[in-house]
Amino acid sequence: MTAVVAPAGVWGQLVGQDHAVDVLSAAARAAAQIVAGEPAPPGAMTHAWLLTGPPGSGRSVAARAFAAALQCITGTGCGQCPGCRTAMHGTHADVRLVIPEGLSISVAEMRALVQAAARRPTTGQWQVVIIEDADRLTEGASNALLKAVEEPPERTVFLLCAPSDHPEDISVTIRSRCRLVTLRTPAAEAIARVLVDRDGVDPELAEWAASVCGGHVGRARRLATDDNARKRRAAVLRIPLGLSRPGDVFRCADDLIAAAEADATEESKERDEAEKAELRNAMGGDATGKGVAGAKRAAEAAVKQLEKRQKSRATRTQRDTLDLALVDLAGFYRDVLVAVSGADARYNHPDHAQDIEQAARQWTPESTLKRLEAVLACREAILWNVKPRIAVEAMLTALRHG
């Protein structure tokens with residue numbers, strides 16, 4: 001069967017999501033017909049969409065591409081017109097992007113967004129609201145959003161991104177008012193191809209990164225382009241066979257926590273300082289002369305609020321980095337179960353096949369399953385705000401004893 005080739009333009013950013021591209025591009029064409037006052041196919045376009053899929057499948061990329069297509073002059077997502085370019089780069093006046101920097105999206109933030117979304121488009125065809133990580137909505141924020149989704153303005157479109165349509169990720173009432181588009185895990189071959197074509201990665205390195213990223217396009221790119229990311233992954237995958245002594249538990253816990261903290265610091269340091277300088281400058285906090293004391297006090301108060309948000313963002317980055325390490329660990333124990341069972345299934349970590357097969361000879365299937373459950377329990381504990389070090393040390397103790 002011949003694979004469907006994704007249309008050119010903004011849709012070319014999506015990797016291995018032919019079905020989603022078909023649905024969203026048809027909706028964009030229908031939206032252009034509505035704007036032009038022409039009859040559109042029934043049900044092709046609606047005011048609220050829920051884009052789901054595993055991490056790295058491209059939920060936010062799909063949402064941005066759809067937003068660009070809605071603002072496209074031709075309605076096809078050509079990728080060349082001002083509407084497409086500004087929407088894809090996040091600078092379009094009528095495309096509002098919500099990326100939660102902390103651990104949740106607050107009700108105050110959502111109320112302000114809903115109020116802004118009620119306005120008519122100013123320069124584009126539609127007022128588009130993209131909410132990345134909609135699973136981070138608080139209960140109050142969900143209720144505020146629900147009111148807008150129940151009675152949407154005529155030319156406003158809500159695009160929600162979440163891991164799934166399960167009630168733990170998105171409320172049932174919001175889900176019932178959205179059209180669902182499910183993205184799948186991209187094939188390794190498709191990921192490798194985009195790394196070579198888009199990012200100029202060496203084909204051999206691209207193939208390796210695609211084979212070990214678990215279908216996460218962003219992770220594949222980072223592994224292919226960042227040597228530190230490759231070193232961190234290698235250190236994590238040494239843990240299962242490296243817990244021979246009690247002291248190894250605490251050493252490995254230190255390494256995991258330190259790696260997560262270093263990643264967060266590296267990612268946020270320059271951004272944090274730039275944000276503070278920009279805020280002080282905007283509020284006149286660096287001014288001199290008569291009558292500036294009030295401005296300086298206001299600027300310092302605003303900086304303190306900014307620092308609070310930055311701290312929350314750093315906490316989230318640390319937890320996200322640690323979660324990636326736990327996903328790698330879970331993948332290792334899954335691979336051991338595959339090796340023990342003799343199943344004809346692909347390893348998550350094919351480059352560690354020797355270690356996987358050694359573990360399969362040493363451990364019983366029951367003890368391997370207990371280890372896998374310990375990793376999953378650690379992920380859940382961190383999700384429920386257990387201190388990462390306590391959760392990680394408890395997990396590593398369980399991994400050592402099996």
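- Side-chain contact between V114 and K147 is absent, with no heavy atoms from C-beta onward closer than 4.5 Å.
- The shortest distance between side-chain heavy atoms of L70 and Q125 does not fall below 4.5 Å.
- T185 and P54 get closest at one heavy-atom pair: OG1-CG, 3.2 Å.
- Looking at heavy atoms from C-beta onward, I257 lies in side-chain contact with L322 at the 4.5 angstrom threshold.
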Evaluation steps, side chain to side chain contact (heavy atoms under 4.5 Å, CB included), between V236 and F332
CA-CA 10 Å; V236 168; F332 183 93; over 6 Å; no
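- A pairwise comparison of heavy atoms in N228 and D226 identifies N-OD1, 2.9 Å as the closest pair.
- You'll find the ring centres of F66 and W126 outside the 6.0 Å limit.
- Looking at R233 and D351, a side-chain N of the basic residue comes within less than 4.0 Å of a carboxylate O on the acidic one, giving a salt bridge.
- The line from NE2 of H401 to CG of L396 is 11.0 Å long, rounded to the nearest 0.5 Å.
- For the pair T74/C81, no side-chain contact is recorded, criterion being any heavy-atom separation below 4.5 Å from C-beta on.
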Test side chain to side chain contact (heavy atoms under 4.5 Å, CB included) applied to D323 and R379, step by step:
CA-CA 7 Å; D323 192 63; R379 292 187 71 198; 2.7 Å; yes
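- In the model, D165 has no side-chain atom that pairs as donor or acceptor with a side-chain atom of T52 under 3.5 Å.
- The shortest distance between side-chain heavy atoms of L24 and W11 falls below 4.5 Å.
- The two residues V340 and A360 make their nearest non-hydrogen contact at CG2-CB, 3.7 Å.
- Separating the CG atom in L223 from the CZ atom in R232 is a distance of 9.5 Å, to the nearest 0.5 Å.
- Judged by the 6.0 Å and 45° rule, R179 forms no cation-pi pair with W49.
- By the 4.5 Å heavy-atom criterion applied to side chains, L237 and D355 are not counted as neighbours.
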Could you give the side-chain donor-acceptor pairs of residues 197-206 under 3.5 Å, partners two or more places apart or in another chain?
from : atom 1 : to   : atom 2 : distance (Å)
D199 : OD1    : R221 : NE     : 3.1
D202 : OD2    : E204 : N      : 3.1
D202 : OD2    : L205 : N      : 3.3

Please tabulate, for the side chains in residues 210-219, all donor-acceptor contacts under 3.5 angstrom to protein atoms that are two or more places apart in sequence or on a different chain.
from : atom 1 : to   : atom 2 : distance (Å)
S211 : OG     : W208 : O      : 2.7
H216 : ND1    : G218 : N      : 3.3
H216 : ND1    : R219 : N      : 2.9
R219 : NH1    : D328 : OD1    : 3.3
R219 : NH1    : D328 : OD2    : 3.4
R219 : NH2    : D328 : OD2    : 2.8

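- For the pair D169 (side chain) and A162 (backbone), a donor-acceptor distance under 3.5 Å is absent.
- Note that OG of S106 and CG of L137 are 10.0 Å apart. Values are rounded to the nearest 0.5 Å.
- Using modelled atom types, one side-chain atom of H47 and one backbone atom of V149 make a donor-acceptor pair closer than 3.5 Å.
- Atom OG of residue S171 and atom CG of residue L145 lie 8.0 Å apart, to the nearest 0.5 angstrom.
- In this structure, the side chain of D94 engages the main chain of G124 through a donor-acceptor pair within 3.5 Å.
- Taking the salt bridge (Lys or Arg N to Asp or Glu O under 4.0 Å) definition, one finds that R245 meets it with D248, sequence neighbours left out.
- Salt bridge annotation for R230-D227: present, with a cationic side-chain nitrogen under 4.0 angstrom from a carboxylate oxygen.
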Quick one, R64 with V10, criterion side chain to side chain contact (heavy atoms under 4.5 Å, CB included). Give me CA distance, side-chain angles, the key distance, then yes/no.
CA-CA 9 Å; R64 289 183 191 229; V10 297; over 6 Å; no
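- Under 3.5 Å, the side chains of N385 and R319 contain a donor-acceptor pair of N or O atoms.
- Side-chain contact between C378 and V386 is absent, with no heavy-atom pair separated by less than 4.5 Å.
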Residues T138, M110; criterion side chain to side chain contact (heavy atoms under 4.5 Å, CB included); working and verdict:
CA-CA 10 Å; T138 63; M110 189 49 56; over 6 Å; no
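- Side-chain contact, S367 with R371: a donor N or O sits under 3.5 Å from an acceptor N or O.
- Q17 places a side-chain N or O within donor-acceptor distance of the main-chain N or O of S57, the cut-off being under 3.5 Å.
- The local environment of CD in E380 is sparse, with at most 12 non-hydrogen atoms from other residues, nucleotides or ligands closer than 6.0 Å.
- A side-chain donor-acceptor contact under 3.5 Å links H166 to the backbone of E168.
- The pair R136-D320 meets the salt-bridge criterion, since a charged nitrogen lies less than 4.0 angstrom from a carboxylate oxygen.
- Here the shortest heavy-atom pairing between A62 and L183 reads CB-CD2, 4.1 Å.
- Applying the 6.0 Å contact sphere to CD of E150 captures more than 12 heavy atoms from other residues, nucleotides or ligands.
- The heavy-atom pair separating S142 from I174 by the smallest distance is O-CD1, 3.5 Å.
- Using a 3.5 Å distance cut-off with no hydrogens or angles, the side chains of H19 and R184 do not pair a donor with an acceptor.
- Considering every non-hydrogen atom in both A330 and L376, the closest pair reads CB-CD2, 4.4 Å.
- Separation of atoms CZ (R120) and OG1 (T156) is listed at 9.0 Å; rounding is to 0.5 Å.
- Of the inter-residue distances, the one linking E207 atom CD with R193 atom CZ reads 12.0 Å to the nearest 0.5 angstrom.
- Inter-residue side-chain proximity for D133 and R59 is flagged as met; some heavy-atom pair is nearer than 4.5 Å.
- Residue Q115 places its CD atom among 12 or fewer non-hydrogen atoms of other residues, nucleotides or ligands, all under 6.0 Å distant.
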